[in-house]
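Notes follow the structure.
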There are 2 protein chains.
Amino acid sequence: MTTGGSSPSKPLRADAERNRSAILAAAARLLAKNGLSVSLDDVAAEAGVGSATLYRRFSSRDELASDVLGQQMAEYVARTEAELARSQDDPWGALTSYTHFVVEHQIADRAFAEVLSSPGLGTAALREDLDRTYRDLQAIVQNALDAKVVRPDMHCSDLLMLFRAVNGLIAADAETATEAWPRLVATFLAAWRSDGPALPPVSAVWDRTEA
Amino acid sequence: MTTGGSSPSKPLRADAERNRSAILAAAARLLAKNGLSVSLDDVAAEAGVGSATLYRRFSSRDELASDVLGQQMAEYVARTEAELARSQDDPWGALTSYTHFVVEHQIADRAFAEVLSSPGLGTAALREDLDRTYRDLQAIVQNALDAKVVRPDMHCSDLLMLFRAVNGLIAADAETATEAWPRLVATFLAAWRSDGPALPPVSAVWDRTEA
DNA sequence: CGCGAAGTGGGGAAGATCGTCCGTTTGGGT
DNA sequence: ACCCAAACGGACGATCTTCCCCACTTCGCG
């Protein structure tokens with residue numbers, strides 16, 4: 001917020017710094033509402049600056065997007081690690097609350113939802129953060145498996161499948177998805193907890209996401 | 001194929017009829033692969049005709065799309081009613097095979113997937129067919145509920161939720177979705193069959209879809 | 001208070017799609 | 001075999017969207 005740390009490369013003039021913050025805030029708002037495909041002109045308008053100002057500060061759409069998402073990703077990583085720690089004592093509780101957290105995040109922020117489920121989107125630094133959380137996610141699932149609080153053929157990629165499924169709800173109707181998601185999550189959790197017939201094997205599809 | 005029935009309004013010249021069929025086939029192919037947003041120029045190119053020919057036969061994108069989807073929808077309606085009939089004797093088998101059928105259809109045809117999950121898309125006639133199948137779907141679920149082969153708080157809108165979820169898989173990566181969907185379907189079926197804690201209530205969101 | 005750095009916003013370029021015009025070709029009835 | 005009407009197709013203008021640059025203005029540090 002008022003920190004304004006940013007990079008110490010060059011001390012920005014007061015109004016320039018103000019505009020930079022306004023652009024970042026506007027971009028965050030529009031990215032959350034409309035996804036990664038926002039028009040840069042729209043961002044500039046939302047921030048109340050000319051489009052030229054935006055292009056001077058951020059050389060490309062990717063740079064802007066990764067600046068915005070980078071901040072949010074830090075929070076995401078932290079929360080994931082917190083749940084992992086909790087997972088030792090309460091594997092089921094950690095699994096459910098982590099799942100809820102991520103899905104709520106997806107619902108609240110379309111750009112996050114898109115980056116989360118589409119490998120190839122986002123900058124390298126972003127993907128690295130995501131990979132890191134994916135390793136934590138694997139551990140959370142492993143703890144649940146070890147504690148036998150989920151069916152033995154559950155797999156960590158099932159979480160990724162849920163995250164993609166949530167995107168389907170959002171795409172169909174972003175408005176109503178905010179009401180509909182809890183039942184979707186509960187359905188997955190019920191399936192993971194149940195001991196019905198074996199699920200089809202995890203396809204090799206998910207390997208690429210893990211790499 | 002070689003039937004060429006169409007409307008008896010005006011006997012089309014031989015080459016005109018041939019082109020009309022080529023356009024419909026090309027449109028079906030591209031709609032299946034790329035969804036409803038295909039460019040009409042692309043359809044014309046795929047059919048090997050000029051764009052003017054396409055516009056002469058089909059006054060609008062909607063007319064073309066509904067002609068193509070109308071045929072497929074007939075098959076869809078028929079299959080749904082067949083499963084409903086079967087549902088009397090084998091409620092669980094009908095539910096599972098119906099679910100598999102629809103999801104396979106979604107995977108194979110993106111335009112169908114989009115129309116299925118986005119009320120407001122498609123022509124009135126199309127929506128009517130969909131509404132009809134939705135009534136059948138409700139009956140299939142009701143049979144399963146009555147036979148107690150699914151948990152008592154299952155709801156027919158859960159099928160719609162699954163269909164939207166499948167779209168999430170397709171959107172993330174259409175290629176890999178063809179491998180990944182069976183486990184998604186199995187997860188839902190496992191949840192419906194299980195008797196875990198109650199699911200969150202069905203939100204009012206789905207009422208509109210039912211109307 | 002003056003000068004240079006930064007900002008402004010309008011506008012042009014590029015890409016995509018839509019839908020129509022018109023010269024040319026082709027079908028098929030006689 | 002002939003000939004007209006119907007159909008063809010490629011190209012063109014219009015519209016839309018987004019990206020990015022240029023000439024002019026304004027701010028604020030020293």
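Here the structure is a predicted model, which means the values were calculated and not measured. Residue numbers begin at 1 in each chain, while the letters A, B, ... track the order of the sequences. These values consider heavy atoms only, across backbone and side chains, with no hydrogens, waters or symmetry-generated copies.
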Can you sort out the partners of [X] under side chain to side chain contact (heavy atoms under 4.5 Å, CB included), two or more places apart, ordered by chain and number?
X: Gln142(A); result: Leu145(A), Asp146(A)
X: Ser51(B); result: Asp41(B), Ala44(B), Tyr55(B)
X: Ala32(B); result: Asp109(B)

Classify the angle between the aromatic ring planes of Trp181(A) and His100(A) as parallel (below 30°), tilted (30 to 60°) or perpendicular (above 60°).
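Perpendicular, since the angle between the ring planes exceeds 60°.
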Hey, what's the ring geometry for Phe112(A) with His105(A), parallel, tilted or perpendicular (30° and 60° as the breaks)?
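Geometry flag for His105(A) against Phe112(A): parallel rings.
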To the nearest 10°, give me the bend of the helix from dC1(C)-dG30(D) to dT30(C)-dA1(D), comparing the axes of its five terminal pairs at either end.
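Between the axes fitted at each end of the helix from dC1(C)-dG30(D) to dT30(C)-dA1(D) lies an angle of 10°.
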Quick one: list whatever passes ring pair (Phe, Tyr, Trp, His ring centres under 6.0 Å) with Phe163(B), sequence neighbours left out.
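Ring pair (Phe, Tyr, Trp, His ring centres under 6.0 Å) list for Phe163(B), sorted by chain: empty.
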Which residues satisfy the ring pair (Phe, Tyr, Trp, His ring centres under 6.0 Å) test with Phe58(A), sequence neighbours excluded?
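Listed in chain order: nothing, the list is empty.
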For Val49(A) and Ser60(B), find the nucleotide of DNA chain C closest to each by heavy atoms; which residue's nucleotide sits nearer the 5' end?
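The 5'-side residue here is Val49(A).
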Any side-chain N or O of Thr53(A) under 4.0 Å from OP1/OP2 of dT8(C)?
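Checking Thr53(A) against dT8(C): at least one side-chain N or O falls below 4.0 Å of OP1 or OP2.
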Please state whether the phosphate of dC8(D), meaning OP1 or OP2, lies under 4.0 angstrom from any side-chain nitrogen or oxygen of Asn19(B).
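Yes, because at least one side-chain N or O of Asn19(B) sits under 4.0 Å from OP1 or OP2 of dC8(D).
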Quick check against the 3.5 Å criterion: does Asp129(B) have a side-chain atom that pairs as donor or acceptor with the backbone of Ala74(B)?
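No, the answer is negative, given that no donor and acceptor are paired below the 3.5 Å cut-off.
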Please name all residues satisfying salt bridge (charged side-chain N to carboxylate O under 4.0 Å, His left out) with Asp136(A), sequence neighbours left out, ordered by chain then number.
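Applying salt bridge (charged side-chain N to carboxylate O under 4.0 Å, His left out) to Asp136(A) gives none.
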Proximity to DNA chain C (any heavy atom under 4.0 Å), residues of residues 25-34 of chain A only
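Contacts with DNA chain C under 4.0 Å: none.
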What is the distance, rounded to the nearest whole Å, between atom [atom1] of [X] and atom [atom2] of [N]?
X: Phe58(A); N: dG7(C); atom1: CZ; atom2: P; answer: 11 Å
X: Leu54(B); N: dG19(C); atom1: CG; atom2: P; answer: 10 Å
X: Glu17(A); N: dG28(D); atom1: CD; atom2: P; answer: 14 Å

Please tabulate the protein-to-nucleotide N/O contacts below 3.5 Å involving nucleotides 16-18 of chain C, giving atom names and distances.
{"unit_1": "dC18(C)", "atom_1": "OP1", "unit_2": "Arg61(B)", "atom_2": "NH2", "d": "2.3"}
{"unit_1": "dC18(C)", "atom_1": "OP2", "unit_2": "Leu40(B)", "atom_2": "N", "d": "3.1"}

Please name the residue in the list Ser66(B), Ser59(B), Ser60(B) that meets the side-chain hydrogen bond (donor to acceptor under 3.5 Å, both in side chains) test with Glu63(B).
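The single option meeting the side-chain hydrogen bond (donor to acceptor under 3.5 Å, both in side chains) with Glu63(B) is Ser59(B).
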Test of understanding: with side chain to side chain donor-acceptor pair (under 3.5 Å), list the residues that count as partners of Arg56(B), not counting sequence neighbours.
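For Arg56(B) there are no side chain to side chain donor-acceptor pair (under 3.5 Å) partners, ignoring immediate neighbours.
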Using the side chain to side chain donor-acceptor pair (under 3.5 Å) criterion, which residues pair with Glu104(A)? Sequence neighbours excluded.
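Checked Glu104(A) against side chain to side chain donor-acceptor pair (under 3.5 Å); zero matches.
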Can you pull every protein N or O that's under 3.5 Å from an N or O on nucleotides 22-29 of chain C?
{"unit_1": "dG28(C)", "atom_1": "OP1", "unit_2": "Ala14(B)", "atom_2": "N", "d": "3.1"}

Should the pair Arg151(B) and Trp192(B) be classed as cation-pi, given the thresholds of under 6.0 Å to the six-membered ring centre and 45° from the axis?
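Not satisfied by the 6.0 Å and 45° rule.
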